[in-house]
Amino acid sequence: MLSKKQLRNDVDAVAKALQKRNFSFDIKALSALENSRKKNQVKTQELQNLRNTQSKSIGKAKAAGEDIKPLLASVADLGDELDAAKSELQSIQVQIDDIALSMPNIPHDSVPAGNSEDDNVEVSKWGEPGQYDFEVKDHVDLGEMHGLDFETAAKISGARFSVMTGKIARLHRALTQFMLDQHSEINGYTEAYVPYLVNSESLTGTGQLPKFEADLFKTHLHGEEGDAKTLYLIPTGEVPITNMMRDTLVNEKELPLKFVGHTPSFRSEAGAYGRDTRGLIRQHQFEKVELVQVVKAQDSYQTLEQLTGHAEGILQALELPYRKVNLCAGDLGFSAAKTYDLEVWLPGQSAYREISSCSCFEDFQARRLQLRYKNKETNKPELLHTLNGSGLAVGRTLVAVLENHQQADGSIKIPSVLQSYMGGLEFITQ
RNA sequence: GGAGGGAUGGCAGAGCGGCUGAAUGCACUGGUCUUGAAAACCAGCAAGGACUAAUAUCCUUCCAGGGUUCAAAUCCCUGUCCCUCCA
């Protein structure tokens, strides 16, 4: 959420900044609401003040043994008037909140202009796409040789699910373990295990709600929809991990906070009919190792580079060619101020595909989360900045390992950093 | 499944209709003392909001939502979460 103060005092600047990401809103309507909010708030507060002072004088008069009847008569109508003013003010404030909650974050200055992923800017490249003296297979053909099974998954659940058995299941697990170890032992993150079902407050905190409910799987613990017991399957580990710190005033000495967690992610893919229907690229359920950092405002962009570097470290260790892309304003996620996508080379598609998305949210999430620390100099609480990134998406990493390290006979060479996680195995063969 | 107890500032914890935005301790900030530090002592220290050039002033907030009252942290109802005991 953007700051209400900013919306109040600088609507035009906000509107202009959001134009960069093709978001527009009714400035006039907002200003009109703002004006009536002001009027009603002042009026309500005056009435409250009146009631408070009257009540106090009644208390004093009573204590002094005076007759309070005339005083009571003078406040007789105050209650109704106050109630009316309050409910009017509340309805205005709800409307303003709805607008504020639906507005995306303002892109950072270094975010390139553009409307779609075609306008994203390549920042750097690592490694060279491999040369193969045989016809390469894609991960579906390779995977089916080694235990990747979409048909069985379809029987159990439907489209966009997968089953893995045998060595490929172990490779999938090995990737997860390796990533967790690298981030916790070398990169200094604290490992976290978190719930996979979360309440709506958590999703509001990180920005998935109220706008993107259609992307989520929703459960009703018992009873019908509308029940208080609605929980959502997490669309990313970012949600529970970041929300661990919701409503906290962090001790400055503990900063930066760094957490890594392995969770499944569940996405309805409501807007992706017909896209990536083949293989593991776009699934309703996939594993991800997520990095989250909470830092002071002045450190956040430096931290974005660092965190992206941590994700890159995994790709490099796995010997997977990739490129780093600065997302253009039009392609930026709702809550992000700046995002680097890491795109891994997939020989089966002859294309770079997203495998990690590393974002700085500035104080956009922190404001919704009420995540702050006490600034020593001002002695005032200040919003922190949140960041996260996939380090990495495990399913897509598996795809990349299969495709990049395939051999002529369809066997898979296991990157050396993974071999100890695979019981010393060097190749996966049939 | 049944019976109780609880949720208060960064943390711990008192308060149980008007004198309470809230005792006390810890933490934190500043100071005295000290070569320096610790200890001790002194002082300060909740958040959010309105209005304002700023100060001043005012409003809201003691788990959440309703209710009673001129007045609610305090009384009543509902919900959530925690704890204890019984089966």
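Throughout, a chain's letter reflects where its sequence line sits, starting with A, and its residues are numbered from 1.
A donor-acceptor pair is defined here as one N or O able to donate and one able to accept, closer than 3.5 Å; no such pair exists between the side chain of A:Lys43 and the backbone of A:Leu82. For the pair A:His284 (side chain) and A:Arg267 (backbone), a donor-acceptor distance under 3.5 Å is present. Formation of a donor-acceptor pair under 3.5 Å by the A:Ser268 side chain with backbone atoms of A:Ala214 is found in this model. At least one donor-acceptor pair closer than 3.5 Å links the side chain of A:Asn40 to the backbone N or O of A:Ser36.
The listed nucleotides are B:A47, B:C58, B:U60; the one nearest the side chain of A:Pro381 is B:A47. The nucleotide whose nearest atom lies closest to any side-chain atom of A:Lys374 is, among B:C45, B:U60, B:C59, B:C45. Taking only side-chain atoms of A:Lys62, from C-beta outward, the nucleotide of B:C45, B:G18, B:C58 with the closest atom is B:G18. Across B:C51, B:A47, B:U60, the shortest atom-to-atom separation from the side chain of A:Asn52 is found for B:U60. Which of B:G18, B:G49, B:G10 sits closest to the side chain of A:Ser55 comes down to B:G18.
When rounded to the nearest whole Å, the span between CD of A:Gln48 and C1' of B:C51 equals 15 Å. Between A:Lys56 atom NZ and B:A71 atom P the separation is 14 Å, expressed in whole Å. In this entry the distance linking CG of A:Asn199 with C1' of B:G79 reads 15 Å, nearest Å. One interatomic measurement links the two molecules: CG of A:Asn251 to P of B:C11, which rounds to 11 Å at whole-angstrom precision. The NZ-P distance, from A:Lys380 to B:G10, rounds to 12 Å in whole Å. If you measure from atom CG of A:Asn375 to atom C1' of B:G10, you get 15 Å, rounded to the nearest angstrom. To the nearest angstrom, P of B:G67 lies 12 Å from CG of A:Asp80. Between A:Arg368 atom CZ and B:G48 atom C1' there is a gap of 18 Å when expressed in whole angstrom units.
For a distance-only test at 3.5 Å, the side chain of A:Lys4 fails to qualify as a donor-acceptor partner of the base of B:G49.
Within the nucleic acid shown, A:Gln54 has no heavy atom closer than 4.0 Å to any nucleic acid atom. Within the 4.0 angstrom heavy-atom criterion, only backbone atoms of the sugar-phosphate kind lie near A:Arg372; the bases stay farther away. At the heavy-atom level, A:Leu72 lies under 4.0 Å from base atoms of the strands shown. Residue contacts for A:Lys38: at a heavy-atom cut-off of 4.0 Å it reaches the sugar-phosphate backbone alone, with no base atom in range.
Between A:Tyr322 and A:Trp126, the two ring planes are parallel [angle under 30°; tilted spans 30° to 60°].
Mapping A:Gly79 and A:Lys253 onto RNA chain B by nearest heavy atom places A:Lys253 at the nucleotide closer to the 5' end. Two residues, A:Gly59 and A:Gln90, neighbour RNA chain B, and the one matched to the more 5' nucleotide by heavy-atom proximity is A:Gly59.
On the C1' atoms, B:A7 is 14 Å away from B:A12, given to the nearest whole Å. The P atoms of B:G17 and B:A72 are separated by 14 Å, rounded to the nearest whole Å.
A side chain to side chain donor-acceptor pair (under 3.5 Å) with A:Asp276 is found for one member of A:Arg160, A:Arg282, A:Gln283 and no other, namely A:Arg282.
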